[in-house]
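Reading through the structure tokens given below for one structure.
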Protein chains: 2
Amino acid sequence: MSPAARRAEIVATAAAVALAEGLECITLRRIAEELGVRPGLISHYFPAVEDLVAEAYGSAAAAELDDLLPADRAGATPTECLARFLARTSGEEYDDISRLWLNARHLSRYRPALRDRVAAQEAAWRERLEAVLRDGVERGEFRTGDPMVTAMQILVVLDGLGMLVNSADTHDDPPAVRRMPVTLAERELGLPPGTLAPVED
Amino acid sequence: MSPAARRAEIVATAAAVALAEGLECITLRRIAEELGVRPGLISHYFPAVEDLVAEAYGSAAAAELDDLLPADRAGATPTECLARFLARTSGEEYDDISRLWLNARHLSRYRPALRDRVAAQEAAWRERLEAVLRDGVERGEFRTGDPMVTAMQILVVLDGLGMLVNSADTHDDPPAVRRMPVTLAERELGLPPGTLAPVED
DNA sequence: AATGCTATTGAGTGTGCGACCAACAAGCAA
DNA sequence: TTGCTTGTTGGTCGCACACTCAATAGCATT
């Protein structure tokens with residue numbers, strides 16, 4: 001098998017393991033078994049496992065970002081994009097991503113390579129969201145002083161809610177808590193309540 | 001040495017290690033070496049290391065809570081308590097605590113005993129903060145519909161900012177982001193801006 | 001001083017991990 | 001066909017981990 005394809009296959013497998021079971025489950029033996037090859041082969045492509053972990057995380061996070069906030073927003077208005085983003089990030093299917101972020105943010109305490117990747121993905125997510133907000137401001141849909149700050153604020157609140165993914169059952173939280181990202185976005189962007197998501201009682 | 005004292009000493013040591021280096025650094029060997037005893041002795045008091053980890057986390061978190069929001073607020077007004085709480089939690093000295101929460105929240109994915117402890121501490125922190133808010137409402141200092149929801153919201157934002165402790169340097173974040181907990185508290189409690197912390201430009 | 005309890009040791013077991021390397025084999029070039 | 005590059009194997013080393021348990025030493029009480 002060609003080196004590039006093999007390498008991509010390894011990263012993809014590692015990313016899947018990371019999403020399902022956590023970054024610390026990315027081990028030479030585990031990934032090798034998953035692919036039906038010997039552990040030594042993984043070592044051959046990634047002499048240091050830490051680099052594979054970083055790569056797997058980066059791959060998963062980037063893919064999720066492209067899914068949540070596609071780079072080309074063909075046809076969709078910024079309001080629609082943002083509403084979709086907020087709906088997705090509060091859904092249960094997003095829990096795995098929340099776990100991945102939590103995992104990566106903690107693990108990057110010990111793994112410099114991962115820390116760099118996390119910083120890069122943080123920036124990427126912020127910039128992508130910021131672009132939507134900026135576009136919305138230009139089109140007159142949003143009103144905000146600083147799209148970057150608003151983007152950061154939304155992401156901080158999302159992170160805060162994501163922190164709870166392993167402990168509490170997020171679904172019995174009061175609506176005022178669950179809706180924090182939506183409420184913040186609507187307030188900061190000068191949108192009437194209910195624009196980005198239907199108001200629950 | 002008496003069993004109770006020894007046990008307390010072990011937990012205290014483990015808590016210190018957890019705060020300084022992380023919960024995964026709590027190993028039989030590490031704690032034993034720290035105390036100048038043999039690993040077997042730690043096993044004797046904690047047959048399962050997971051229980052020591054949970055205990056150490058609980059001990060550290062509870063101590064920090066007592067420091068941040070003392071149970072008896074002798075003399076201090078709710079506004080003063082809250083202002084002090086928000087000042088402390090945004091200081092650099094709080095970084096170790098942020099790391100501990102991040103650590104525990106991630107690790108509780110794999111450790112049931114730790115998960116229970118985290119849930120308990122989450123509740124304890126929320127209730128302690130809620131009590132301050134409720135007191136403030138009764139005294140007419142605060143105005144909020146639901147103190148519990150406001151307490152949860154403040155904690156979510158604090159968690160969100162704490163997520164960044166290992167990646168970005170929190171100090172180059174814009175004031176509008178750094179001040180999110182203060183802004184949220186002032187808004188939700190009907191306080192004029194600047195009441196809980198001086199406004200930076 | 002003898003006895004009994006128990007905190008503590010020392011040695012050992014088994015597991016999983018990353019990393020290393022010589023040997024093999026399959027594909028491509030000469 | 002021959003030869004060489006290289007993807008791949010199989011085996012191995014050393015390390016750190018949790019956990020077990022019989023033996024020991026020190027402190028009670030009697």
Side-chain angles (χ1 to χ4, degrees), chain A residues 1-18 20-57 103-104 106-117, chain B residues 1-18 20-57 103-104 106-117:
Chain A
M1 180 173 285
S2 92
R6 181 62 95 182
R7 195 185 162 91
E9 190 189 39
I10 292 174
V11 171
T13 305
V17 169
E21 301 168 39
L23 291 167
E24 31 277 278
C25 293
I26 299 180
T27 68
L28 298 181
R29 287 164 176 76
R30 181 78 166 77
I31 304 301
E33 192 187 8
E34 206 84 19
L35 285 170
V37 299
R38 313 263 69 200
L41 186 59
I42 313 295
S43 273
H44 175 68
Y45 284 92
F46 291 90
V49 183
E50 179 178 347
D51 292 331
L52 173 57
V53 171
E55 191 85 11
Y57 157 78
N103 195 168
H106 165 64
L107 208 58
S108 69
R109 174 177 185 176
Y110 308 103
R111 308 270 152 90
L114 182 58
R115 179 157 51 235
D116 294 344
R117 286 283 178 154
Chain B
M1 180 173 285
S2 91
R6 181 62 94 183
R7 194 185 161 92
E9 190 188 39
I10 291 173
V11 171
T13 304
V17 169
E21 301 168 39
L23 291 166
E24 32 277 278
C25 292
I26 299 180
T27 68
L28 297 181
R29 288 166 175 74
R30 182 77 167 76
I31 303 301
E33 191 188 6
E34 205 85 18
L35 285 169
V37 298
R38 311 262 77 200
L41 185 60
I42 312 296
S43 273
H44 175 69
Y45 285 92
F46 292 89
V49 184
E50 180 178 347
D51 293 332
L52 174 56
V53 172
E55 191 86 11
Y57 157 78
N103 196 168
H106 165 63
L107 208 58
S108 69
R109 174 177 185 174
Y110 309 103
R111 308 269 154 89
L114 183 58
R115 180 158 49 235
D116 294 345
R117 286 284 179 153

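All figures in this text were calculated on a predicted structure; none of them were measured in a lab. Numbered from 1 within each chain, the chains take letters A, B, ... in sequence-line order.
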In whole Å, what is the span from the [atom1] atom of [X] to the [atom2] atom of [N]?
X	N	atom1	atom2	result
B:F46	C:dA7	CZ	P	14 Å
B:L52	D:dC19	CG	P	11 Å
A:L35	D:dT8	CG	C1'	13 Å
A:I31	C:dG18	CD1	C1'	14 Å
B:D51	D:dA18	CG	P	13 Å
B:R111	D:dC17	CZ	P	13 Å
B:I42	C:dT9	CD1	C1'	12 Å
B:E33	D:dA16	CD	P	11 Å

* For B:I26 and for A:G40, find the nucleotide of DNA chain D with the closest heavy atom, then tell me which residue's nucleotide is more 5'. =>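 It is A:G40, whose closest nucleotide lies nearer the 5' terminus.
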As a test of reading the structure: which of [options] is closest to the side chain of [X], going by heavy atoms?
X	options	result
B:H44	C:dA7, D:dG7, D:dA18	C:dA7
A:L28	C:dT8, D:dC19, C:dG18	C:dG18
B:R29	D:dA18, C:dC17, D:dT9	D:dA18

* To do: Calculate, to the nearest 0.5 Å, the distance between atoms CD1 and CG belonging to B:I10 and B:L52 respectively.
  =>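 It comes to 7.5 Å.
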Should [X] be listed as having a side-chain N or O under 4.0 Å from OP1 or OP2 of [N]?
X	N	result
B:R6	C:dT6	no
B:R38	C:dT8	no
B:Y45	C:dA7	no
B:S43	D:dC19	no

* To do: Kindly say whether B:L23 contributes a backbone atom to a donor-acceptor pair with the side chain of B:N103 at under 3.5 angstrom?
  =>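 Yes; judged by distance alone, with no hydrogens or angles, the pair exists.
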* So, B:E34 side chain and B:T13 main chain: donor-acceptor pair closer than 3.5 Å or not? -> no
* Contact class for A:P39 vs. all strands (heavy atom < 4.0 Å): base, sugar-phosphate, or nothing? -> nothing
* Can we say B:R30 and B:E33 salt-bridge, meaning some charged N sits less than 4.0 Å from an Asp/Glu carboxylate O? -> no
* **Identified side-chain contact (heavy atoms from CB on, under 4.5 Å) partner of A:F46 from the options A:I26, A:D51, A:V53** =>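 By the side-chain contact (heavy atoms from CB on, under 4.5 Å) criterion, A:F46 pairs with just one of A:I26, A:D51, A:V53: A:D51.
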